[in-house]
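All values below were derived from every heavy atom in this structure, side-chain atoms included, with hydrogens, water molecules and symmetry-related copies excluded.
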Amino acid sequence: PLARAAAPPAPTAGPGSAAPTSADRFARDVARMLLVFFAVWAVDLVACSLLTGKLRVWFPVWLDRDWATRAEPWVVYSQSYLAGIACIPLFARAIDRDLLAARLGGPARGAFWAGVALVLGFIAWWKGGLMAEHGKEREGLAWLALTGVLWGVVRVAEAAPERLRGLTPRALLRRVLQGVAAFFLVMAVLDPLLQLGVQGVAVSSGLLIEVGFFVPAGLLLLGVCRALGAPDAARGPAVAAP
């Protein structure tokens, strides 16, 4: 008789399966804050400088001592540093949760948060007063909003691999292609509708080429998705080997 095959050893817990320690959580929070801060700075320095035609920096006097009095300065003052200020409460929360909670009592932690509140209050009085003086309140709110959006994007990007891990490569490819196909077909209708119907723009060769590409490309991708899904549906649920 054939010998029964030995059962494979139980999989060991990988690095991502173990519960994160306080050191892991703290390192992740610091990495997120650094990523978001430098992403906001890069958007300001590159994209906003190109859009405005002026170099946007935090210390314009370093580059041009008379920038504030020039009629058309090439360097201007930027408030994208607000991304760093917005990270102060998040940084304080990580310190309290992962470094102080297990070592200090309630009064000491209360004093810590009181100090954080004083720092934030001083910064709000100092920088808020400057923004109000120069009419930059809306720009400041825009930088805070961008910081929040990028923080959310980073958190979603971190969770995405875990959510997609249960999909086979074939199923994941099918979903990606379905999303691209949906984008093509929606834009093939939405873009002409907004350009011609809402904005009243005349029909252009660029628009015709766009629609002529989006429609067949979207239909072709849907056909590929159907072909990718057919074998999975025909195979049926997998049966465990005895």
Same cluster or not: V153 versus V36, using hydrophobic residues (I, L, V, M, F, W, Y) connected whenever any side-chain heavy atoms lie under 4.5 Å apart? no
Is any side-chain heavy atom of F214 closer than 4.5 Å to one of D191? no
Could you walk me through whether F91 and I88 pass the side chain to side chain contact (heavy atoms under 4.5 Å, CB included) check? CA-CA 5 Å; F91 191 40; I88 292 177; 5.7 Å; no
Between CG of L190 and CD of Q195, what distance do you get to the nearest 0.5 Å? 10.0 Å
Side-chain heavy-atom pair W62, V57 within 4.5 angstrom cut-off: no
On a heavy-atom basis, which atom in V40 and which in S80 lie closest, and how many Å separate them? CG1-O, 3.9 Å
Could you see if V186 belongs to whatever hydrophobic cluster contains L207? Use Ile, Leu, Val, Met, Phe, Trp, Tyr and a side-chain cutoff under 4.5 Å. no
Determine whether T168 and L173 satisfy the following criterion, side chain to side chain contact (heavy atoms under 4.5 Å, CB included), listing intermediate values before the conclusion. CA-CA 9 Å; T168 64; L173 175 62; over 6 Å; no
Please examine the side chains of L222 and L185, heavy atoms only from C-beta on, and report whether any two atoms are closer than 4.5 Å. yes
Hydrophobic cluster identity match, F213 and M187, side-chain contacts under 4.5 Å: yes
Does the ring of Y81 carry K127 above it, NZ/CZ under 6.0 angstrom from centre and within 45° of its axis? yes
Just wondering, more than 12 heavy atoms not from K54 lying within 6.0 Å of its NZ? yes
Give a yes or no on whether L208 and L194 share a hydrophobic cluster (residues Ile, Leu, Val, Met, Phe, Trp, Tyr; joining criterion: side-chain heavy atoms under 4.5 Å apart). no
Show the nearest heavy-atom pair for residues P192 and V211, with the distance to one decimal. CG-CG2, 3.6 Å
Does R163 pair with E158 as a salt bridge, N-O distance under 4.0 Å? no
Give me the other members of the hydrophobic cluster that L220 sits in, counting Ile, Leu, Val, Met, Phe, Trp and Tyr linked by side-chain heavy atoms under 4.5 Å, directly or via other members. none
Checking W143 against S78: is there a side-chain donor and acceptor pair closer than 3.5 Å? no
Going by heavy atoms in the side chains, are R32 and L35 under 4.5 Å from each other? no
One pair to check against side chain to side chain contact (heavy atoms under 4.5 Å, CB included): L167 and L164. What are the steps and the verdict? CA-CA 6 Å; L167 297 174; L164 299 177; 4.0 Å; yes
Could you state the interatomic distance from CE (M131) to CD (E137), rounded to the nearest 0.5 Å? 8.5 Å
Heavy-atom distance under 4.5 Å between the side chains of F184 and L219, does that happen here? no
Any chance you could pull the hydrophobic cluster mates of V76, using side-chain heavy atoms under 4.5 angstrom and chaining through other members? none
Using the ring of each side chain (for Trp, its six-membered ring), is W41 parallel, tilted or perpendicular to F38, with breaks at 30° and 60°? perpendicular
Where the side chain of T69 meets the backbone of D66, is there a donor-acceptor pair that is under 3.5 Å apart? yes
Which atom pair, heavy atoms only, marks the closest approach of R56 to D44? NE-OD1, 2.5 Å
Give the cluster check for W58 versus L82: same hydrophobic cluster or not, with ILVMFWY residues linked at side-chain heavy-atom distances below 4.5 Å. yes
Nearest 0.5 Å please: distance from the CG atom of L90 over to the SG atom of C87. 5.5 Å
Just wondering, more than 12 heavy atoms not from W67 lying within 6.0 Å of its CH2? yes
So, for A188 and V215, which heavy atoms are closest and what is the spacing to 0.1 Å? CB-CG2, 3.6 Å
What is the minimum heavy-atom distance between D29 and A94, and which atoms define it? OD2-CB, 3.7 Å
Search all heavy atoms of A181 against all heavy atoms of G218 and return the closest pair with its distance. CB-O, 3.6 Å
Separation between CG of L120 and CH2 of W125, rounded to the nearest 0.5 Å: 15.0 Å
For the CD1 atom of I123 and the CD1 atom of I85, what is their distance to the nearest 0.5 Å? 5.0 Å
Are any non-hydrogen side-chain atoms of M33 and W151 less than 4.5 angstrom apart? yes
Do D24 and T21 get their side chains close enough for a donor-acceptor pair, meaning under 3.5 Å? yes
Atom CG of D64 and atom CZ of F59: how far apart are they, to the nearest 0.5 Å? 16.0 Å
Please list all pairs meeting side-chain hydrogen bond (donor to acceptor under 3.5 Å, both in side chains) that have one or both residues in residues 101-110, counting only residues at least two apart or in different chains. D96-R109
